[in-house]
Amino acid sequence: MTKESSVLATRIASVPGPGVRRRKGLFPAARASLGRILALGWPIIGLLLLWELVAVLNGYTDLLLPRPLSVAAHIFNNPQTFAEPTLITLALAVPGTVLGLVVGSGLAILVWYSSILDGLITPTTSVFHAIPVVAMLPVIGRLVGYNENTIIVIVMLLSFFPTFVLVLGRLRQANGSSEDVFHVFGASRRSTLVRLLLPQAVPGLLAAIRMTAPFSIGAVILAQYLLSIGGLGQLITDSIVRSDTVTVWAIACITSVASIIVFALTKALEDRVSVRFK
Amino acid sequence: MRPQTKKIVLGILGALTLILVSEVIGRLCLAGKAWPAPIDAVWSVLGSKLSSSLLFRALGATLASAGIGLVTGSLVGMAVGFLGYLLPPLRAGLDQTASILNTIPLVALAPLLIALVGPQGMSVLTAALGSGFAMFVATASGLLAVSAAHSDLFRVSGASRLQHIIRLSLPSAVPSLLGGLTLASSGAVLGAVLGEWFGAPTGLGVLMISSMQNFQVKMLFVVALTAALVSLTAFYAMVALQKMVGKRFV
């Protein structure tokens with residue numbers, strides 16, 4: 001996913017804004033930003049319109065397919081219903097992600113240090129990389145218990161693999177002249193690691209955060225849904241039982257927006273900080 | 001010892017250590033009753049006629065959903081990627097939407113998807129979504145990965161747009177498409193298993209949930225192992241295909 005995602009990210013970043021061109025007529029700035037919104041968001045706008053159309057043309061009630069506006073109104077009228085579960089879900093994604101980043105980077109450093117550990121661990125890890133981690137939720141639930149610890153373990157596993165691969169890749173990246181300077185001045189392996197390679201690995205770590213953070217929210221909700229342990233996931237289960245379709249759709253919208261915000265934030269963090277370490 | 005041989009020996013040793021450690025943990029009940037000894041679990045599930053037929057029926061259902069999902073998802077992904085290539089004004093919006101759709105968790109999309117295809121069709125649809133994104137990105141970036149020199153040569157020789165697409169852009173996209181297929185294949189297996197959690201009648205995902213709820217740890221373990229093996233086989237089969245076919249197009 002790394003290569004393709006980064007290619008896509010670069011392409012998205014390189015799309016020039018319509019503001020670059022000079023426009024004539026009234027309110028050029030407003031027209032430019034409208035053009036930009038249309039260029040980037042036409043499929044989303046199309047989807048919303050399609051959703052509204054399907055609901056209206058078929059005469060569906062809110063029980064079957066609530067309309068976009070009634071879902072939005074439901075969220076704004078009942079913020080207390082959604083605020084706490086959303087916070088619980090978001091907060092639960094944090095410890096697992098942090099653990100995954102720490103364990104993944106730690107193992108990458110160990111593997112960089114020792115060629116025997118490299119031989120023992122790296123092939124197994126690359127095999128594990130192709131295993132669907134989220135699909136292992138029931139096994140981990142059975143092992144760890146039907147509680148928050150399962151969520152932490154699942155999110156940890158989810159962020160561990162990309163971190164390990166990306167950080168190790170950056171640690172091993174050849175950087176001829178800088179490494180020569182360290183060598184000539186007689187730097188030890190440890191100081192080469194601390195002063196040259198670890199800073200060099202920071203962009204790898206940030207890329208891992210960007211790749212895993214939005215997905216860990218989904219994993220938390222899936223675990224909460226499957227094991228009925230609080231948060232937005234449990235709210236989905238409860239609302240399905242009560243046939244409260246509007247709430248289910250509202251959760252879907254909140255989750256989507258939250259994931260997109262987390263993706264945008266982590267992407268911004270990566271863009272800002274990575275430049276300093278390149 | 002040659003470095004290559006050393007690498008293979010250490011790799012096998014690492015895998016054997018992992019299996020041995022999990023076997024010992026299971027035999028001595030170090031992690032409680034929920035951790036079965038892997039070899040014993042596989043043996044007892046495959047040994048019983050009832051559980052092995054249950055497993056293989058579920059495997060067949062999951063393979064069918066993942067396969068249909070992979071084919072439809074890949075075709076749609078490639079078609080949308082191709083559309084963005086043909087109509088550049090749509091490209092930015094398509095890229096943006098694809099990455100947003102990929103970010104949105106499956107659980108969030110579940111009500112929409114169930115409303116569209118019903119619980120039975122969920123696993124095929126989620127498998128298609130899992131593979132479609134990878135194929136879309138692979139197509140979109142692959143079609144643009146044409147070398148400037150070749151492109152110039154085509155233009156100077158007066159090639160039409162259709163000739164340019166068929167004889168240059170499509171062949172240049174093949175390595176990227178094969179790379180996309182490796183991701184799409186394991187994505188389809190994951191998608192199929194997850195989709196089965198939302199009310200499918202049979203499949204590895206259903207069997208996983210029922211054995212989790214009924215405390216059949218050996219069955220649960222073997223089903224998870226089967227899902228992992230299917231995902232791995234799909235991944236490495238595509239890697240092999242990539243090596244075989246990809247050489248001709250580099």
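Residue numbers begin at 1 in each chain, while the letters A, B, ... track the order of the sequences. Since the model is a prediction, treat every value here as computed from it, not as a measurement.
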*Asks:* With a 3.5 Å cut-off and no angle check, do the side chains of A:Thr89 and A:Gln224 form a donor-acceptor pair?
*Replies:* yes
*Asks:* In terms of heavy-atom proximity below 4.5 Å to chain A, should B:Leu13 be classed as side chain, backbone, both, or neither?
*Replies:* both
*Asks:* Considering only heavy atoms and a distance below 4.5 Å, find which of A:Phe215, A:Phe263, A:Trp249, A:Tyr225 pairs most often with chain B.
*Replies:* A:Trp249
*Asks:* Rounded to the nearest 0.5 Å, what separation is found between the CE atom of B:Met135 and the CG atom of B:Leu181?
*Replies:* 4.0 Å
*Asks:* Pick one of side chain, backbone, both or neither for B:Ile8, based on which atoms fall under 4.5 Å of a heavy atom in chain A.
*Replies:* neither
*Asks:* Judged by atom type as modelled, is there a donor-acceptor pair below 3.5 Å linking the side chain of A:Ser239 to the main-chain atoms of A:Thr247?
*Replies:* no
*Asks:* Chain B heavy atoms under 4.5 Å from A:Leu227: which part of the residue, side chain, backbone, both or neither?
*Replies:* side chain
*Asks:* Look at the rings of B:Phe133 and B:Phe136 and say which category their plane angle falls in: under 30° parallel, 30 to 60° tilted, over 60° perpendicular.
*Replies:* tilted
*Asks:* For B:Asp95 and B:Arg91, run salt bridge (charged side-chain N to carboxylate O under 4.0 Å, His left out): C-alpha distance rounded to whole Å, both residues' side-chain angles, the deciding distance at 0.1 Å, then the answer.
*Replies:* CA-CA 6 Å; B:Asp95 278 357; B:Arg91 207 177 288 159; over 6 Å; no
*Asks:* If we define contacts as heavy-atom pairs under 4.5 Å, which of A:Leu65, A:Val144, A:Leu226, A:Val257 has the most with chain B?
*Replies:* A:Leu226
*Asks:* So which part of A:Thr245 gets closer than 4.5 Å to some heavy atom of chain B, the side chain, the backbone, both or neither?
*Replies:* neither
*Asks:* Looking at chain A, which one of B:Leu194, B:Leu16, B:Val193 has the largest number of heavy-atom pairs inside 4.5 Å, strictly under?
*Replies:* B:Leu194
*Asks:* Is B:Leu18 close to chain A through its backbone or its side chain, or both, or neither, when contacts mean heavy atoms under 4.5 Å?
*Replies:* side chain
*Asks:* Select one option (side chain, backbone, both, neither) describing which atoms of A:Ile236 are under 4.5 Å from chain B's heavy atoms.
*Replies:* side chain
*Asks:* Would you please test A:Asp118 and B:Lys6 for salt bridge (charged side-chain N to carboxylate O under 4.0 Å, His left out) and show each step?
*Replies:* CA-CA 11 Å; A:Asp118 178 18; B:Lys6 190 181 167 190; over 6 Å; no
*Asks:* Is the closest basic N to carboxylate O distance between B:Lys218 and B:Asp40 below 4.0 Å?
*Replies:* yes
*Asks:* Assess whether side-chain contact (heavy atoms from CB on, under 4.5 Å) is satisfied between A:Phe82 and A:His74, documenting all intermediate values.
*Replies:* CA-CA 10 Å; A:Phe82 300 103; A:His74 185 63; 3.7 Å; yes
*Asks:* Quick check for you: to the nearest 0.5 Å, what is the distance between B:Met238 atom CE and B:Lys243 atom NZ?
*Replies:* 15.0 Å
*Asks:* Just so I understand: if I count every heavy-atom pair under 4.5 Å between each of A:Ile217, A:Leu222, A:Leu47 and chain B, which residue has the most?
*Replies:* A:Leu222
*Asks:* Considering only heavy atoms, which portion of B:Val189 lies under 4.5 Å from any heavy atom of chain A: side chain, backbone, both, or neither?
*Replies:* neither
*Asks:* Pick one of side chain, backbone, both or neither for B:Val217, based on which atoms fall under 4.5 Å of a heavy atom in chain A.
*Replies:* side chain
*Asks:* Heavy-atom distance under 4.5 Å to chain A: side chain of B:Ile12, backbone, both or neither?
*Replies:* neither
